[in-house]
Amino acid sequence: MMRIVILTGAGISAESGLGTFRDKDGLWTRYDLNDVATPQGFARNPRLVTEFYNARRANCAQAEPNAAHYALARLETALPGQVLIVTQNVDDLHQRAGARAVIQMHGALMSALCAACGHRWPAPPVMTETDPCPACAAPRTRPDVVWFGEVPYHMDTIADAVARAEIFAAIGTSGQVWPAAGFAAEARRAGAHCVELNLEPSEVSRAFHAHHYGPATQVVPAWVDTLLPT
Ligand code: BJW
């Protein structure tokens with residue numbers, strides 16, 4: 001059973017050089033989320049949205065996992081079968097740090113999705129919205145990410161894991177986007193010990209029993225050490 005469920009957000013990848021969304025220099029201060037993170041925005045201007053994700057894919061390819069990603073992978077190795085990472089991030093830094101039990105609930109930059117037939121394939125570094133689908137040939141390629149108004153991926157598996165968790169932790173997430181923002185309250189109701197690790201209190205910090213505030217590269221390895229057998 002997944003005893004420890006860990007929700008991660010953009011803050012865990014901030015020290016790898018990938019921008020967050022809602023911080024002072026975050027992506028949503030430079031882009032209107034209605035333009036680049038909604039199905040309506042994509043329908044209006046698919047080129048703009050595709051280029052936004054092409055640029056983020058290029059940044060991600062150059063970024064390296066940091067000490068927080070490695071600490072979580074170390075936890076998974078030390079407690080096999082007991083740790084599940086549910087990430088809102090579309091980067092692949094958890095996997096590159098060595099974590100295997102990772103659910104990307106908001107999709108993946110490195111994946112392409114056919115809007116016509118639902119087929120997925122590895123995204124080329126530079127995608128265009130008219131790339132033909134390898135399965136059905138429709139020229140309706142989109143980034144394989146979950147925009148506002150769309151249903152996040154693997155919700156049944158996540159809900160089950162959250163309901164059964166003994167420990168639920170949220171790392172580097174502002175608690176402003178649902179349904180992820182509600183996981184801590186759900187886990188707490190079901191009896192989990194809930195821990196928040198973030199630079200500052202999130203919007204939902206009251207749902208947590210314990211708080212560790214500071215940069216992820218410092219607070220996450222220290223917290224992981226407390227869970228490991230001595
Ligand atoms: C550090 C740090 C360091 C910085 N160390 N920490 C209920 C109420 C109200 C609204 C809704 C609701 N339910 C649904 C909605 C609507 C909507 C929503 O939430 N709207 C809000 C704006 C109010 N939600 C949806 O539409 C979702 N779909 C949905 O609900 O479907 C219905 C349904 C659900 C379940 C079952 C059945 C049906 C979809 C949401 C999709 C979000 N998509 C995005 C973009 C996609 C991919 C991408 O481009 O990357 O996902 S938006 C963006 O926000 C991205 C992120 O994954 C997500 C969360 O952001 P995150 O990770 O929290 O980042 P930040 O920047 O907000 O915070 C960073 C934090 O890190 C900060 O706190 C910093 O302090 C901290 N930090 N440096 C540690 N070094």
Side-chain angles (χ1 to χ4, degrees), residues 6-42 48-57 59-60 63 66-69 71-72 85-94 103-111 113 123 142-160 162 169-186 195-205 208 211-223:
I6 301 168
L7 174 71
T8 66
I12 197 168
S13 297
E15 291 162 87
S16 292
L18 300 181
T20 64
F21 295 93
R22 297 171 184 81
D23 289 313
K24 189 165 49 67
D25 304 315
L27 282 170
W28 295 163
T29 64
R30 283 176 282 134
Y31 295 88
D32 183 336
L33 70 82
N34 294 302
D35 289 337
V36 295
T38 62
Q40 295 79 7
F42 185 65
L48 172 82
V49 177
T50 302
E51 286 173 356
F52 172 72
Y53 283 98
N54 284 344
R56 288 183 53 205
R57 190 176 306 106
N59 285 344
C60 176
N66 64 45
H69 299 104
L72 297 186
I85 298 172
V86 176
T87 187
Q88 298 167 85
N89 298 343
V90 294
D91 67 53
D92 58 357
L93 297 182
H94 285 301
I103 293 179
Q104 289 192 279
M105 66 177 288
H106 290 165
L109 275 177
M110 301 302 167
S111 176
L113 174 65
R142 57 164 282 181
D144 188 9
V145 301
V146 178
W147 290 318
F148 286 105
E150 297 183 320
V151 179
Y153 298 156
H154 311 295
M155 281 307 300
D156 290 348
T157 307
I158 296 169
D160 188 56
V162 166
I171 302 174
T173 179
S174 62
Q176 294 189 42
V177 175
W178 296 77
F183 293 167
E186 287 162 26
V195 186
E196 174 165 83
L197 301 101
N198 207 41
L199 262 191
E200 59 197 2
S202 74
E203 287 288 306
V204 293
S205 62
F208 296 88
H211 308 87
H212 302 274
Y213 295 126
T217 55
Q218 292 176 24
V219 295
V220 176
W223 173 70

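These numbers come from a predicted model, not from an experiment. Side-chain atoms are counted along with the backbone in the values below, which use heavy atoms only and exclude waters and symmetry mates. Counting starts at 1 for both ligands and their atoms, following the listed order.
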Which pair of non-hydrogen atoms, one from R22 and one from V177, has the smallest distance, and what is that distance?
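Shortest heavy-atom separation between R22 and V177 comes out as NH2-CG2, 3.1 Å.
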Applying a 4.0 Å heavy-atom criterion (strictly less than), which segment of A180 is in contact with ligand 1: side chain, backbone, both, or neither?
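A180 to ligand 1: no contact under 4.0 Å from either part.
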Taking heavy atoms and a distance under 4.0 Å, where does L199 meet ligand 1: side chain, backbone, both or neither?
both
Mark whether atom 16 (C) of ligand 1 lies under 4.0 angstrom from at least one protein heavy atom.
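No, no protein heavy atom sits under 4.0 Å from atom 16 (C) of ligand 1.
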Out of [options], who is nearest to [atom] when you count heavy atoms only?
atom                    : options             : value
atom 31 (O) of ligand 1 : E150, E203, Q104    : E150
atom 67 (O) of ligand 1 : S205, S174, G214    : S174
atom 50 (O) of ligand 1 : H106, K24, R56      : R56
atom 54 (O) of ligand 1 : Q88, R22, H212, E15 : R22

So which heavy atom in the protein is nearest [atom], and how far is it from that ligand atom?
atom                    : value
atom 45 (C) of ligand 1 : V146 O, 3.9 Å
atom 21 (C) of ligand 1 : Q176 O, 3.4 Å
atom 62 (O) of ligand 1 : A10 N, 2.8 Å
atom 12 (C) of ligand 1 : W178 CB, 3.4 Å
atom 47 (C) of ligand 1 : V90 CG1, 3.7 Å
atom 3 (C) of ligand 1  : G11 O, 3.3 Å
atom 35 (C) of ligand 1 : P179 CG, 3.8 Å
atom 74 (C) of ligand 1 : D23 OD1, 3.4 Å

Under 4.5 Å between any side-chain heavy atoms of I158 and F183, yes or no?
yes
Is the closest side-chain heavy-atom distance between M105 and V146 below 4.5 Å?
no
[X] to ligand 1: N or O pair under 3.5 Å?
X    : answer
M155 : no
W147 : no
W28  : no

N/O donor-acceptor pair under 3.5 Å between E196 side chain and F208 backbone
no
Under 3.5 Å, side chain of E150 to main-chain N/O of W147, donor-acceptor pair present?
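Here the side-chain-to-backbone pair exists.
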Are M105 and ligand 1 in contact, using a heavy-atom cut-off of under 4.0 Å?
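Not so, M105 does not reach ligand 1.
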Compute the minimum heavy-atom distance from S202 to ligand 1 and say whether it is under 4.0 Å.
no
Heavy-atom count check: over 12 atoms from other residues, nucleotides or ligands less than 6.0 Å from D32 CG?
yes
Only heavy atoms of G9, strictly under 4.0 Å: list the atoms of ligand 1 that pass.
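So the atoms of ligand 1 that pass are 62 (O).
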